[in-house]
Amino acid sequence: MIEISPELQKVLKSARKVAVLTGAGISAESGVPTFRGEEGLWSKFRAEELATVDAFMRNPELVWEWYMHRRQLMSTVKPNPAHAALVEMEKLYDDFTLITQNIDGLHRQAGSKNILELHGNISLNKCFACGRPFTEDIDLESNQLPACECGGKIRPDVVWFGELLPPDALNRAFDASARAELFLSVGTSAVVHPAASIPLTAKSNGAFLVEVNLEPTPITEFTDWAFHGKAGEIMPAIVESLKK
Ligand code: OAD
């Protein structure tokens, strides 16, 4: 039984401006591996060998192989009840922003509308040199990596370690968090910046800060309410209490 405190219920009902930050934990119950922890993706692969500009320049084929593997994995997964709960929440508030660090596209697939993808989207590609989107299919079997009309190599449209986040999405995320009356941080270890500073920006601007995560994180001590458990169980309970 998930307890929703009267204080939280009051904020859930009275808030009009709401922002949510999600991380890999929200997609864990859909079968997408998280980054950290025993089952994390990075415990099997070394991130610095794969998700960096250097890695791509050194060995684009290897980086592409890894992304094609993840793309294949993510193409078979479906949104879970936590994604669905956020779709419901969006309908209940006038000002609702969903900020995600996930590249799996599951929020959009579930039906969320106002989404800021801070780390890109694994189903999209762009030119490494000029940044232009590349929409043709990629066939690794042909042994020829695709090239842009400018001659640049094509890469997945995701943010790699050491790269800047898309400035427009990041600014909009900080704006949404600064004006939010209620902020939820869901399924993120809250250790990778700048995304991890977004909930704290909300808190320091007066938002009621709620965390939903399997375990405590560095932001837990700043929250007004922390749920420790599965997002797929807690998020639907939060939305149910909102409708009561
Ligand atoms: P992490 O893997 O760091 O953290 C996932 C969090 O979700 C952990 O704290 C888990 O305890 C929690 N978790 C796991 N299953 C859960 C469930 N069913 N319900 C609720 N919580 C659950 O993933 P992120 O915080 O998203 O960046 O990682 C942030 C960034 O680090 C990623 O976007 C990626 C990586 O480097 C880039 O690739 C640029």
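We count ligands from 1, going down the list as the structure has it; atoms in each ligand are counted the same way.
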| message | Looking at K203 and D224, is any side-chain nitrogen of the basic one under 4.0 Å from a carboxylate oxygen of the acidic one? | response | yes

* Between T100 and E117, is any side-chain donor less than 3.5 angstrom from a side-chain acceptor? -> no

Atom NZ of K126: over 12 foreign heavy atoms under 6.0 Å: yes

Note: S189, heavy atoms under 4.0 Å from ligand 1, region reported as both

Short version for T34: what comes under 4.0 Å of ligand 1, heavy atoms counted, is both

Numbered in order shown, the ligand 1 atoms found under 4.0 Å of a heavy atom of A24 are 23 (O), 24 (P), 26 (O)

**Message:** With a sphere of 6.0 Å drawn around NZ of K13, does it hold more than 12 non-hydrogen atoms of other residues, nucleotides or ligands?
**Reply:** yes

Numbered in order shown, the ligand 1 atoms found under 4.0 Å of a heavy atom of G187 are 5 (C), 6 (C), 7 (O), 21 (N)

Counting from 1 in the order shown, the ligand 1 atoms closer than 4.0 Å to a non-hydrogen atom of G23 are 26 (O)

#### Entry: Cation-pi geometry met for R71 and W64 (6.0 Å, 45°)
no

So for H119 against ligand 1, with non-hydrogen atoms under 4.0 Å, the contacting part is side chain

ask   = Do Q101 and T22 get their side chains close enough for a donor-acceptor pair, meaning under 3.5 Å?
value = no

At under 4.0 Å between heavy atoms, what of W160 touches ligand 1? The answer is neither

Among T217, L214, I26, I103, the residue with a heavy atom nearest to atom 15 (N) of ligand 1 is L214

In ligand 1, the atoms that come under 4.0 Å of a heavy atom of A28 are 15 (N)

Closest to atom 9 (O) of ligand 1 (heavy atoms only, candidates I234, N213, V186) is N213

- Query: Which class fits the ring pair F128 and F56: parallel under 30°, tilted 30 to 60°, perpendicular over 60°?
  - Reply: tilted

Taken in chain and number order and not counting sequence neighbours, the residues that satisfy salt bridge (charged side-chain N to carboxylate O under 4.0 Å, His left out) with D94 are none

Under 4.0 Å from one or more heavy atoms of E29, ligand 1 contributes atoms 17 (C), 18 (N), 19 (N)

Near F161 (heavy-atom distance under 4.0 Å), the atoms of ligand 1 are 36 (O)

Candidates V158, V159, L21, L165; heavy atom nearest atom 38 (O) of ligand 1 found on V159

Near G229 (heavy-atom distance under 4.0 Å), the atoms of ligand 1 are 19 (N), 20 (C)

Does a donor on one side chain sit under 3.5 Å from an acceptor on the other, for S123 and N121? yes

Taken in chain and number order and not counting sequence neighbours, the residues that satisfy salt bridge (charged side-chain N to carboxylate O under 4.0 Å, His left out) with D95 are R179

Can a donor-acceptor pair be found, under 3.5 Å and without considering hydrogens, that links the side chain of D104 to the backbone of M74?
no

* N/O separation below 3.5 Å, N102 to ligand 1 -> no

Self-check item: Check: K230 N/O within less than 3.5 Å of ligand 1 N/O
Solution: no

Here the atoms of ligand 1 under 4.0 Å from any heavy atom belonging to A231 are 17 (C), 19 (N), 20 (C)

